[in-house]
2 protein chains.
Amino acid sequence: MPTISDVAKLSGLSKSTVSRVINNYPHVSKEKRELVEKAMKELSYTPSPTARRMRGQVTTTIGVIIPRITNPFFSYLVNAIEQTAYKNGHQVIIFQSNENKEKEIDFLNLLKTNQVDGVIMTAIENDWEVVRSFQEFGPILLCNEYLNNADVPTVRLDQIKGAYIGTKHLLEKGHTKIAYCTGGLFAVDGKDCDRNQGFQKAMQEGGLTVNPPWVFVNKHTMEDGKAVMRQILDMKERPTAVFTGSDEVAGGIIVEAKESGLNIPEDIAVIGFDDQPLAELVAPKLTTIRQPVNDMGQKAVQIMIKMLNHEKLEQMEYELPIELICRQST
Amino acid sequence: MPTISDVAKLSGLSKSTVSRVINNYPHVSKEKRELVEKAMKELSYTPSPTARRMRGQVTTTIGVIIPRITNPFFSYLVNAIEQTAYKNGHQVIIFQSNENKEKEIDFLNLLKTNQVDGVIMTAIENDWEVVRSFQEFGPILLCNEYLNNADVPTVRLDQIKGAYIGTKHLLEKGHTKIAYCTGGLFAVDGKDCDRNQGFQKAMQEGGLTVNPPWVFVNKHTMEDGKAVMRQILDMKERPTAVFTGSDEVAGGIIVEAKESGLNIPEDIAVIGFDDQPLAELVAPKLTTIRQPVNDMGQKAVQIMIKMLNHEKLEQMEYELPIELICRQST
DNA sequence: TTGTAAGCGTTATCAT
DNA sequence: ATGATAACGCTTACAA
């Protein structure tokens, strides 16, 4: 690989001048500039980002932390982030935390060592106190995930509303025995907590109380969904509807229910969350809460870029709309 | 951020000794080593990978080029690659080419500038002659995608066989009017070409000829699948079975067929490729060709690591098994 | 066993 | 307008 010195030598000028051309500084004569450009072309020279980074300038790489890429919600979110970043000349590095605290720390360390210039977190595994301490090494932005009293810029949806309208919809269909699946626990901070609240609010308004055996926590995958349905089948008193925290789980529930000869939505209604492509694929098609992933990814990158440029943000929280998509599973 | 000099100062030793401890060189006295370790801990020091990279050693970052992350086949493949790499202390950077030649070149340039130490390509957009030229900047490995006469290490499946057993299966079910969907073109090099061959071989053996209007090229997504089905519906003479190059396309075909009141597999049989999770979700469940994504990802990383270490490879081509998963759509 | 010093490819500072 | 030089944080001959 040719270096800046090679270009300098070939063009008969100094490294400084070459550097000035590269970073197009104002005070370089047209004559010399052309000389340098010719030499660069001739050697097909590319500046070394490593060296530049060492020198302490470039801020072009964005790290994105996701739980797992095989969850379509996140693959679509990452896709939106990557596309937007690329258009703006930024590179994206994707990290899977696999819901693992240590791995998350490993990745945040890349911020510390300047491997990435900023981090977009779509989920948080460690306590906020731990994550916060990394803010001194570079900007951190929350996207999708959020904390209720945190001092971080956040791009989020109104999860309370999401769970609320979903549950309300089940109530309107006449259900009174409603089960609830969440990806998190039933009482924590942030996104999942808000969904729990939205669910409980709707239940209360309907004059219903939450039945603990019908609450399933830590459910993420299609397999989890199948397992949930098997548990429900074993119950003496079964719910007539299930609210889930993800389309994948909902899909698993539907597949297993049909396997056991149940009809959907007659015997059991199911509502998903995300509006993933599979929602249209499964039969019956899935009623679900649509999250505007593309907009969320775009917005997140736009804000991250502002943060990297040390621009002031107008707001700390950007909230995007969420809506019910009514199909056939309810 | 503390540097190696800070550690040296605090421990009262030289940078060299600290460096020796970091890279655990043999000849350091236990005494000094402990001194250094204590200082490192005290400062919570992390060596700067940027500086190390500049010095020209570290080879720990692997780039992976995929067409799009929202295709489950690739998200699962990337997942396997990432997990394996992480276990071996390697970092993975994911690039979406979006089937775009320029973007692919942009990413290969990271190899040139030492941003990544090796590249795993799961698809190739540019001509091999172009890609090959990047080999001088670091190891390139083909995974999933392949070329028939190329001098690159490759981890691949027997695509001829895959298409062959799929088509054969349709023949055995008594079909004679078989349509064919591919992600590529109907006559190129590599993976898709082999599938075409497998398809044609089975057709010939069944005494059938390929009907051009029933060949659909460049089909990738569920939407593409729906469009294909709509085209088929408009035909005077319709095929009774469709072989597709991906479960997503097959899913789209099934959804659209059901929408139009057709029964599957009675009116039209559909066979997918990949065995993605959606294969179990769609009704009827999808008959498909399983590709061992996990094994493929694992193997690819293992070989890439060998290449990075300049170890000699026993073979240039590693072929993994492929099998028919028979469900209800045929 | 340990330390000194040069060098990796840039850019910023200070002269000229 | 241009050039010499130091500095970024690390590794590695070479010396001691």
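Values in this document were obtained by computation on a predicted structure and should not be read as measured data.
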Indicate, with a heavy-atom threshold strictly under 4.0 Å, whether [X] touches base, sugar-phosphate, or nothing.
X: Ser19(B); answer: base
X: Arg20(A); answer: base
X: Thr46(A); answer: sugar-phosphate
X: Arg52(B); answer: sugar-phosphate
X: Lys15(B); answer: base

**Among dG7(C), dT2(C), dT11(C), the one nearest Ser29(B) by side-chain distance** = dT2(C)
**Request:** Check every atom of dG9(C), dG7(C), dT2(C) against the side chain of Ser48(A) and return the nucleotide holding the closest atom.
**Result:** dG9(C)
**Complete:** Heavy-atom nearest nucleotide on DNA chain C taken for Arg55(B) and for Pro26(B); more 5' hit belongs to Pro26(B)
**Prompt:** Starting at the 5' end of DNA chain C, which residue's closest nucleotide do you reach first, Met54(B) or Asn23(A)?
**Reply:** Met54(B)
**Asked** Is there a donor-acceptor contact under 3.5 Å from the side chain of His90(A) to the main chain of Thr60(A)?
**Response** yes
**Item:** Under 3.5 Å donor-acceptor, Ser11(B) side chain and Ala8(B) backbone
**Value:** yes
**Prompt:** Nearest heavy-atom pair of Ile65(B) and Ser97(B): which atoms, and what distance?
**Reply:** CG2-CB, 4.1 Å
**Request:** Taking only Lys NZ, Arg NE, NH1 and NH2, and the carboxylate oxygens of Asp or Glu, determine whether Lys101(B) and Glu104(B) approach each other closer than 4.0 Å.
**Result:** no
**Message:** Assess, by modelled atom type and distance only, whether the side chains of Asn79(A) and Gln83(A) contain a donor and an acceptor separated by less than 3.5 Å.
**Reply:** yes
**Item:** Start and end of chain B contact along DNA chain D [non-hydrogen atoms, under 4.0 Å]
**Value:** dG9(D) to dA13(D)
**Request:** Return the 5'-most residue of the pair Gly56(A), Arg33(A) with respect to DNA chain D, ranking by each residue's nearest nucleotide.
**Result:** Arg33(A)
**Prompt:** Between Tyr25(A) and dT13(C), is there a side-chain N or O to OP1/OP2 distance below 4.0 Å?
**Reply:** no
**Message:** If you define the side chain from C-beta out and look only at heavy atoms, does anything of Val7(A) sit under 4.5 Å from Val21(A)?
**Reply:** no
